[in-house]
Amino acid sequence: MPRYDKIVVLTGAGLSAESGLATFRDKDGIWARYDYRDVATPEGFARNPSLVYEFYNMRRREGSKAKPNAAHYALAQLQRQHPGEVLVVTQNIDGLHEAAGTTNLIHMHGEMATSLCTNCDARQPWREDLAAELVCPECELVGGLRPNVVWFGEIPYEMDRIAAALAACNLFISIGTSGNVYPAAGFVAGAIEAGAHTVELNLEPSDTASYFAERHQGAATELVPSYLNTLLEV
């Protein structure tokens, strides 16, 4: 196996599933129980903020109990031990990457354990329930706090940095993603354009599986550590 000095890893809900967090598009996933238009769009928040607060407060409480699994730890180990640059870009809003020790990390869809103030744009750690009547600690205005989560119709975070990393990488790995949520589903095309080797590690083929030069299927806790170890053995 060649030595790759610039690696970009994209992770999705499948990475955290074995930590007990629900995925979105499986038959028993989150979108089977909730209409995303009600709880994950600016319009839904405007229509029924109480429902949106309740949805994310529930997810925050569930997320606080979850622990990183072997796949999270394997990615953190890759960052520590690989002589090149390893950037992890996650679609997940949980904090399991950080809990496992990952440092060079982009939460492109935001973070469940932070709040966003729509009045002053402040983002800050937030472990308690969110509600409409709360005061923003930064601007001290009432009613502006919302989950710091990128909703459908909003632009993901740090897209310029992600694009630059994809343009410079020589290995792109996608782990636990469905391949049908853009712009993340298009990252493999950007990596291919840059001449990178592309690898998908997933429980089952994603919607974009045919784009990848290498495809491996299996449980993340077994597949990810096994594959990443081959990178460290080069």
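Treat the numbers as computed from the prediction; the structure is a model and nothing was measured. For this chain, numbers begin at 1 and follow the sequence in order.
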Original post:
Tell me, do Arg59 and Pro147 make a side-chain contact under 4.5 Å, heavy atoms counted?
Top reply: no
Original post:
Backbone N or O of Asp94 within a donor-acceptor pair of the Asn92 side chain at under 3.5 Å?
Top reply: no
**OP:** Examine distances only and state if a side-chain atom of Glu222 and a backbone atom of Ala219 form a donor-acceptor pair shorter than 3.5 Å.
**Re:** no
Original post:
What heavy-atom pair brings Leu10 and Ala184 nearest, and what distance separates the two atoms?
Top reply: CD2-O, 3.8 Å
Original post:
What's the shortest heavy-atom distance between Leu130 and Ser115, and which atoms?
Top reply: CD2-CB, 4.1 Å
**OP:** Check whether Met108 and Val9 end up in the same hydrophobic cluster, where Ile, Leu, Val, Met, Phe, Trp and Tyr are linked by side-chain heavy atoms less than 4.5 Å apart.
**Re:** no
**OP:** Please check if the side chain of Arg60 supplies one atom and the backbone of Ala113 the other of a donor-acceptor pair under 3.5 Å.
**Re:** no
**OP:** State, with a plain yes or no, whether a side-chain heavy atom of Leu228 is found less than 4.5 Å away from one of Gln77.
**Re:** no
**OP:** Give me the ring orientation class for Phe172 and Phe187: parallel if the planes are under 30° apart, tilted from 30 to 60°, perpendicular past 60°.
**Re:** perpendicular
Original post:
Passes side-chain contact (heavy atoms from CB on, under 4.5 Å), Tyr227 versus Ile175? Steps please.
Top reply: CA-CA 11 Å; Tyr227 185 83; Ile175 304 172; over 6 Å; no
**OP:** Run the numbers on Glu111 and Glu98 for side-chain contact (heavy atoms from CB on, under 4.5 Å), then give the verdict.
**Re:** CA-CA 11 Å; Glu111 300 176 70; Glu98 295 94 325; 3.6 Å; yes
Original post:
Can you name the closest pair of heavy atoms from Ala100 and Arg80 and give their distance?
Top reply: O-NH1, 4.4 Å
Subject >> Residue pair Val86 / Asn104, side-chain heavy-atom distance below 4.5 Å >> reply: no
**OP:** To the nearest 0.5 angstrom, please state how far the CD atom of Gln217 sits from the CG atom of Leu223.
**Re:** 9.0 Å
Original post:
Is any NZ, NE, NH1 or NH2 atom of the basic residue among Asp129 and Arg61 found under 4.0 Å from an Asp or Glu carboxylate oxygen of the other?
Top reply: yes
**OP:** Return yes if some donor-acceptor pair links the side-chain N/O of Thr90 with the main-chain N/O of His107 below 3.5 Å, else return no.
**Re:** no
Original post:
Do Tyr53 and Tyr56 belong to the same hydrophobic cluster, where Ile, Leu, Val, Met, Phe, Trp and Tyr are linked whenever their side-chain heavy atoms lie under 4.5 Å apart, directly or via other members?
Top reply: yes
Original post:
Do you know the tightest heavy-atom contact between Tyr157 and Ile162?
Top reply: O-CD1, 3.8 Å
Original post:
Is the backbone N or O of Gly44 less than 3.5 Å from a side-chain atom of Asp38, with the two atoms forming a donor-acceptor pair by type?
Top reply: no
Original post:
Hey, quick one: are Leu116 and Leu141 part of the same hydrophobic cluster, counting side-chain heavy atoms closer than 4.5 Å, chains of contacts allowed?
Top reply: no
Original post:
How long is the span from the CD atom in Glu140 to the CG atom in Asn119, to the nearest 0.5 Å?
Top reply: 12.0 Å
**OP:** Before giving the answer on side-chain contact (heavy atoms from CB on, under 4.5 Å), spell out for Leu87 and Ile7 the whole-Å C-alpha distance, their side-chain angles and the decisive distance to 0.1 Å.
**Re:** CA-CA 6 Å; Leu87 171 66; Ile7 302 173; over 6 Å; no
Subject >> OH on Tyr36 to CZ on Phe152, rounded to 0.5 Å >> reply: 6.5 Å
**OP:** Answer whether the closest heavy-atom distance between the side chains of Asn148 and Gln124 falls below 4.5 Å.
**Re:** no
Original post:
Does Asn69 reach the main-chain N or O of Leu15 with its side chain, forming a donor-acceptor pair under 3.5 Å?
Top reply: yes
**OP:** Answer yes or no: is there a side-chain heavy-atom contact under 4.5 Å between Arg146 and Pro49?
**Re:** no
Subject >> Atom of Met112, atom of Gly63 and distance for their closest heavy-atom approach >> reply: CE-CA, 4.0 Å
Subject >> Qualifying residues under ring pair (Phe, Tyr, Trp, His ring centres under 6.0 Å), relative to Tyr73, sequence neighbours excluded >> reply: none
Original post:
Is a donor on one side and an acceptor on the other found under 3.5 Å between the side chain of Ser16 and the backbone of Ser19?
Top reply: no
Original post:
Do His216 and Val199 come within less than 4.5 Å of each other through their side chains, counting heavy atoms only?
Top reply: yes
Original post:
Can you tell me if Gln91 and Thr177 form a side-chain donor-acceptor pair at under 3.5 Å?
Top reply: no
Subject >> In one Ile/Leu/Val/Met/Phe/Trp/Tyr side-chain cluster, 4.5 Å: Leu231, Val8 >> reply: no
Side-chain donor-acceptor distances from residues 132-139 under 3.5 Å, at least two apart:
none

Original post:
Mind checking whether Arg37 and Glu43 have side chains closer than 4.5 Å, heavy atoms only?
Top reply: no
Original post:
Can any side-chain N or O of Glu158 pair as donor or acceptor with the backbone N or O of Ile106 at less than 3.5 Å?
Top reply: no
**OP:** Output the distance between atom OG1 (Thr11) and atom CG (Leu96), rounded to the nearest 0.5 Å.
**Re:** 10.0 Å
Original post:
Parallel, tilted or perpendicular: which describes the rings of Tyr4 and His197, with under 30° parallel and over 60° perpendicular?
Top reply: parallel
Original post:
Do Val89 and Leu166 have side-chain heavy atoms sitting under 4.5 Å apart?
Top reply: no
Subject >> Positive for side chain to side chain contact (heavy atoms under 4.5 Å, CB included) with Phe212, one of Leu201, Val188, Asn202 >> reply: Val188
Subject >> Path from Val88 to Val150 over hydrophobic side-chain contacts below 4.5 Å >> reply: no
**OP:** Identify the two heavy atoms, one from Thr198 and one from Ala191, that lie closest to each other, and give their separation to 0.1 Å.
**Re:** CG2-CB, 4.1 Å
Original post:
Hey, does the side chain of Glu200 reach the backbone of Ser174 with a donor-acceptor pair shorter than 3.5 angstrom?
Top reply: no
